[in-house]
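Report on one structure; see the data block that follows.
These numbers come from the heavy atoms of this one structure, side chains and all, not from hydrogens, waters or symmetry mates.
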Amino acid sequence: MEHAMVSVATGVLSPLLGKLAGLVEKEYAQLKSVREEVIFLEKELRSMNALLQKLAAEDDPDVQVKEWRNQIRDLSYDVEDCVDDFLRRVEHGHGSNQPDLGFFQKNFSRLKTLGARHGIADKIRKLKARVDDVSKRHRRYIYEGASCSSAGGSPVAAAVAIDPRLPAICSGATGSIVGIQGPREDIIKLLNEGGEEELGRRLKVVSIVGLGGLGKTTLACEVCREMRGQFDFHVTVPVSQSPDIIKILTKILSEVMGPQHHMCNITDLPDLIEKIKSYLIHKRYIIIIDDIWDPVVWEVIRCAFPDNNHGSRMITTTRDWNVAATCCNYRHEYVYKMKPLDEQASRTLFFHRIFGSEDACPGELLEVSSQILKKCSGLPLAIIIISSLLASQADKVKEDWEFVHKSMGSNVGTDRRLEVMRHILNLSYKNLPHYLKTCFLYLGAYPEDSVIWRDDLVRQWVAEGFVGGMHVEAIDIAVSCFNELVNRSMIQPASIGYDGEILCCRVHDMMVDLIIRAKSAEENFLTVIEYSHEIKIKGSIHDVRRLFHHTDSTSSAATPLPALAIDQSKLRSVSTCGSCNYIPPLSEFKFIRVLNLRFVRSSQKEAATADLNPICRLFQLRYLKIRSGIELHLPTQIGGLLHLETLEIISVLKQVLVLPSDVFQLPRLSFLSILPHMASLPSGIGAMTGLRSIASFVLQEDTLDRIGGLRRLARLKELHVRLPVDERFEETAEARVDGLCSSLPEHGECRLYVNAWSPAAWFPLVPDWVGRLGKKLLYSLELGVGEVTRDGVAVLAALPSLVRLDLWIRGAPGPGEGIVVAGEGFPALKHLIVTCRALCLRFEAGAMPRLQRLQLEFNEGGGEPGCANNAIDGVEHLSELKEIHASIGVRRATAAAAADSATKAAVSALRDAVGLHPSRPRVDIVYTEGRYGVS
């Protein structure tokens, strides 16, 4: 039962069979009428499940078979709901679960469940009749079709790692994306036409147009990466088919404002446009507006970008020639038509993905490879997906490759290219094992162009039952499923961690079309409701099991769910966004497994609170995530949520949330996250033995008597702690830190994340107690100090497991002073962030031997009068360095002219220092309006 999975092919039949078998054995199912009906159901559904697994291997079953399959799948959900409801009713009142009850209390509780037992007998009889009716209508259980294929097997037995060849292909990490050099130079030439003359100083727009899958976005980003050192600001903004203009402009504003963006809370469209214009009026910028479908959307976004005669540039991408012409003000010479890859570039991309090089391809596969590439028509997305499909095959057999070739369709003309692309996407989907199909379809829950965080996604998969095993095992299996989808190029890496793990991903919009508009609708897997100026529904509103509600920033989201007459008692997953005037009818989500709520305050006149007490009655809830811009009233008790695995609450208001008093009674809770932080650790934390991650709590004095329970959490992998930055903490810091270290699990595998920084208060120097944290696995440290001395650097350098250091420096170095990193220490550090007024940093030979990413945030001109000038030295000694990100804070527009020379000097010094590195790491430099380290 523990390894039974929910499947897009069989619904919940597999886990249901285990529940029915268990129900027969239970004492309270001994009623003859219940027992006989349950045994009948189990046998019938077991036969149906076996047949559905066979059908899942069929490429295109006939219409009658599809209809029968859909009826059985929906029926399985209803039967499971019936069984779950019965178990809840009897377990809540059953004396056997309460050993301390006396004889009379136990018998009284049995009497209270008697109604439930007779009630299920009636429901089971009705369900039996439905099963019998479906069976007779189908007329047969023996299907003379394909036998079960290996694709329907259980999830990966061994952990699946990311194919090391794929991230480089997708992200261009190698610095040489196949076939892009020529088009990149063509676009740069168009953008640079006019030189320093008046024409060259005017705002210029170049639009890239072409079919989906040609690599327009990749090309635009490569052009921006090549040129952005010439500009004050660069921003890439995805638009998509259903754009949220407010959200798009808010993202642009946050990028433009830099460190001050948190001070801005504008939701009015004209105000947003004017605010962006005011910040850009004296700046030279380059902007990518990606994937425009509607010229009206472009006209609105365009209003935010002033033609300020500073030589600013914009790049747009679209599939529509008319949209491209509109973006360029009908100057067709600035419309760049994207071309497919030529034959040699196609072969390079194809063979590199599968074998590492063309030379490694066996001779018997060369001819069929050429035939496959011919059908791909030079579309990079098609080549990557089909080559990833072939790379996933354990044996490279000619017959299998010929079968793939025959399944790809033909490619005559532009329209046929799109049709071939659909064939390739469909073929890749069909080739997925059944468990991966279910995981893949769930990606349709996310808005187009959104960044999808891996950990969120895999926890939702587990909560839905898409992967089997106990919860701890299931998380690891789900991560392997995620990696396999990446390896097959069904999803694209968006951010890669230091250990090669994919942190988040995106889904290509052509994949989204396949997921939502085709497969999800066909399988009635999920329903998406989009609110903008009109309602768009993708999927059925009948027998909805998974409902996802996306709204733009201008929608009030009044009452979306009841208005559509959806039976909310059948919902398993719900994700919704709305104002505090609309709180979903939580009490009606009777069988909900995944609940994702987002509350926004659309006006100051609204009440600013949300009462979430009904959540405590959602007995099947496994995943709960709440993001809120209003005050939350959590339930006082949630001990009845016995299946809850993930509890995550993010409050934009920085509300200190007090957890329900009985949260420690949740036996399956694995992930507990309250951000920015919870008031303190829950009392009884030691009883929560299933916890893998806690984020985050404040190490108060009154917490010390509770953190001892952490020692009993044998499965704990991550612990996020905030240290209060105040005088009282300094007085008791050593006792608190020692108490924390002595309370961590003894297995020594728990990563410790410590935040010891506040914008309002700073430690004068690096505290000595920081070194005590090195006794445990201190993985990440965020620390704010007045200044950093050699002794302070030595304390930090001695931390043996520190991988990430985020160092905020309040003061500015005087002449001849600065941070010197000696050639010993920092043995594990991979990511260093230094935020300061003036940069003065020197690395000696052998320093930070594993550092991969260096992030610098400082002011142009060295900050305040009398401070040392910005300087960085010894970058060449950082042997593993791969990238440097520099964010330079500049003065307001009134001082822009005076700052120009200082800013250019800082950039020049940084580039000169990096130029000495033998591997020439990638350098990204941006300018932000605002001053680092200045109150």
Side chain to side chain contact (heavy atoms under 4.5 Å, CB included) between Ile187 and Leu191: does it pass, once the steps are laid out? CA-CA 6 Å; Ile187 300 291; Leu191 291 170; 4.0 Å; yes
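- Partners of Asp342 by side-chain contact (heavy atoms from CB on, under 4.5 Å), not counting sequence neighbours, listed by chain and number: Gln344, Ala345.
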The test is salt bridge (charged side-chain N to carboxylate O under 4.0 Å, His left out); show your working for Arg319 and Asp509 and say whether it passes. CA-CA 12 Å; Arg319 302 182 193 181; Asp509 52 3; 2.6 Å; yes
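- Gly179 and Leu341 get closest at one heavy-atom pair: CA-CD2, 4.0 Å.
- Test Trp298, Tyr279, Tyr285, Phe233 against Phe305 for ring-ring contact (aromatic ring centres under 6.0 Å, His included) and you get one pass: Tyr285.
- Using a 4.5 Å heavy-atom cutoff, the side chains of Met511 and Leu443 are not in contact.
- Contact of the Ser312 side chain with the Leu203 side chain is registered, since non-hydrogen atoms from C-beta on lie closer than 4.5 Å.
- With Glu883 as the fixed residue, the salt bridge (Lys or Arg N to Asp or Glu O under 4.0 Å) test singles out one of Arg853, Arg225, Arg920: Arg853.
- Using cut-offs of 30° and 60° on the angle between ring planes, the pair Tyr442 and Phe548 is perpendicular.
- With hydrogens and angles left out, the side-chain atoms of Arg347 and Ser370 include a donor and acceptor closer than 3.5 Å.
- Between Arg422 and Glu419, at least one side-chain nitrogen of the basic residue sits less than 4.0 Å from a carboxylate oxygen of the acidic one, meeting the salt-bridge criterion.
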Kindly indicate, with the supporting measurements, whether the criterion side chain to side chain contact (heavy atoms under 4.5 Å, CB included) is fulfilled by Ile245 and Leu272. CA-CA 10 Å; Ile245 300 296; Leu272 265 174; over 6 Å; no
